[in-house]
2 protein chains.
Amino acid sequence: MESNLQIDSLDKKILSMITHNARIPFLEVARECKVSGAAIHQRIQRLMNMGVIKGSEFIINPSKIGYHTCAFMGIFLKKASLFDKVVKMLEEIPEVVECHYTTGEYAMFIKIFAKSNEHLKRILHDRLQNIPGISSTETIISLDESFKRQLPIE
Amino acid sequence: MESNLQIDSLDKKILSMITHNARIPFLEVARECKVSGAAIHQRIQRLMNMGVIKGSEFIINPSKIGYHTCAFMGIFLKKASLFDKVVKMLEEIPEVVECHYTTGEYAMFIKIFAKSNEHLKRILHDRLQNIPGISSTETIISLDESFKRQLPIE
DNA sequence: CGTGAAATTTTTTGGAT
DNA sequence: ATCCAAAAAATTTCACG
């Protein structure tokens with residue numbers, strides 16, 4: 001998971017282009033990088049095989065599809081060893097979009113979308129607090145996502 | 001930002017396909033949905049114009065490009081009115097990938113990647129704590145991202 | 001690894017229902 | 001809004017340097 005060395009500056013240029021627009025034609029990337037389309041094709045294949053690229057996605061505006069509430073939630077566990085089981089339960093809640101094992105304030109930390117504050121309350125009360133192993137939670141509601149972007153390539 | 005009504009079930013099917021693979025040929029989406037490629041093309045164009053789709057991206061494995069530390073940070077502000085200025089300063093730090101205006105424990109909440117814990121410490125000490133307006137921060141380090149996924153379409 | 005070329009497939013546009 | 005069809009462009013593969 002740590003190797004970084006087999007990525008050269010052409011790879012970085014490719015990555016920085018395709019991370020900002022997954023639909024950009026590889027031929028356009030090729031022209032910009034002054035190599036053939038086949039070279040780009042081949043390198044992207046290699047980056048996928050190496051696990052550098054995990055996939056691609058269209059980015060949706062959550063509120064446009066009815067998700068008006070975004071929250072982060074810190075979770076306290078009864079026992080740290082319950083982590084794996086709790087992850088499995090959280091995975092069954094589709095509104096939970098991100099789940100981390102953390103150190104600091106909380107044992108776990110999740111990001112969650114809900115249709116409304118009322119819906120969030122229901123998810124919290126009906127689903128999260130019924131998961132055995134969770135002792136308590138703290139909710140941080142996002143009133144506004146100021147920005148969200150890709151991590152810098154190099 | 002709130003309208004949801006002009007999205008029908010075909011749009012949802014399209015969205016759920018392209019959010020999981022941004023490079024899927026629209027013709028393949030068309031075949032799966034049993035409509036013409038032109039219809040998919042046109043609907044995706046419409047979804048972009050409506051702002052439902054904000055863009056697309058390749059997903060990178062952070063550790064494969066040298067980012068071994070992921071953290072969340074809660075920020076306390078000296079005055080809530082300083083929010084806009086602080087956002088501008090945070091935007092200048094490329095390692096900060098997400099920034100929220102929050103209610104709950106903190107006034108602001110960010111997600112941040114760093115090459116190492118040492119690098120995170122440097123960002124925190126040299127950059128974040130020099131931003132006027134920030135009174136203090138609390139760091140939550142992610143030891144493991146258990147999962148990360150798209151929000152459910154419908 | 002890179003290239004160029006060939007075959008296949010997709011994207012994109014315009015006119016018709 | 002959808003379709004069909006045609007033109008343009010991109011993807012994919014492969015033999016070769």
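Naming convention: chains lettered A, B, ... in sequence-line order (proteins, then strands); numbering from 1 in each chain. Just so it is clear, the model here is predicted, and its values are computed rather than measured.
Separating the CG atom of Leu27(B) from the P atom of dC4(D) is a distance of 12 Å, rounded to the nearest angstrom. Atom pair Gln45(B):CD and dG14(C):P shows a separation of 13 Å (rounding to whole Å applied). Remark: C1' of dT13(D) and CZ of Phe26(A) are 15 Å apart, rounded to the nearest angstrom. Atoms CG (Asn21(B)) and C1' (dT11(D)) sit 14 Å apart, rounded to a whole Å. Between the C1' atom of dA5(D) and the CD atom of Gln42(B) lies a distance of 16 Å, rounded to the nearest Å. Distance CG (Asp8(B)) to P (dT2(D)): 7 Å, rounded to an integer number of Å. Atom P of nucleotide dT12(D) and atom CZ of Arg43(A) are separated by 18 Å, given to the nearest angstrom. Residue Ile24(B) contributes atom CD1, which lies 10 Å from atom P of dT11(C) at whole-angstrom precision.
Within 6.0 Å of the NZ atom in Lys78(A), the count of heavy atoms belonging to other residues, nucleotides or ligands exceeds 12. Counting heavy-atom neighbours within 6.0 Å of Lys54(A) NZ, excluding the residue itself, gives a total above 12.
Here Arg23(A) does not reach the OP1 or OP2 of dA10(D): none of its side-chain N or O atoms lies under 4.0 Å away. In terms of phosphate contacts, His41(A) brings a side-chain nitrogen or oxygen within less than 4.0 Å of OP1 or OP2 of dT12(D).
Note on ring orientation: taking the six-membered ring where Trp is involved, the planes of Phe72(B) and Phe109(A) are tilted (angle from 30° to 60°).
Counting non-hydrogen atoms under 4.0 angstrom, Glu28(A) reaches nothing in the nucleic acid.
Taking a cutoff of 4.0 Å between a charged side-chain nitrogen and a carboxylate oxygen, Asp8(A) and Lys13(A) do not qualify as a salt bridge.
Thr103(A) pairs with exactly one of Ile141(B), Thr139(B), Ile140(B) by the side chain to side chain contact (heavy atoms under 4.5 Å, CB included) rule, that one being Ile141(B). Remark: of the listed residues Asp84(B), Val87(B), Leu90(B), Val87(B) is the sole one forming a side chain to side chain contact (heavy atoms under 4.5 Å, CB included) with Ser146(A).
Listed by residue number, the members of residues 30-40 of chain A with any heavy atom below 4.0 angstrom from DNA chain C are Val35(A), Ser36(A), Ala38(A), Ala39(A).
Between Leu47(A) and Phe58(B), the closest side-chain pair of non-hydrogen atoms is not below 4.5 Å.
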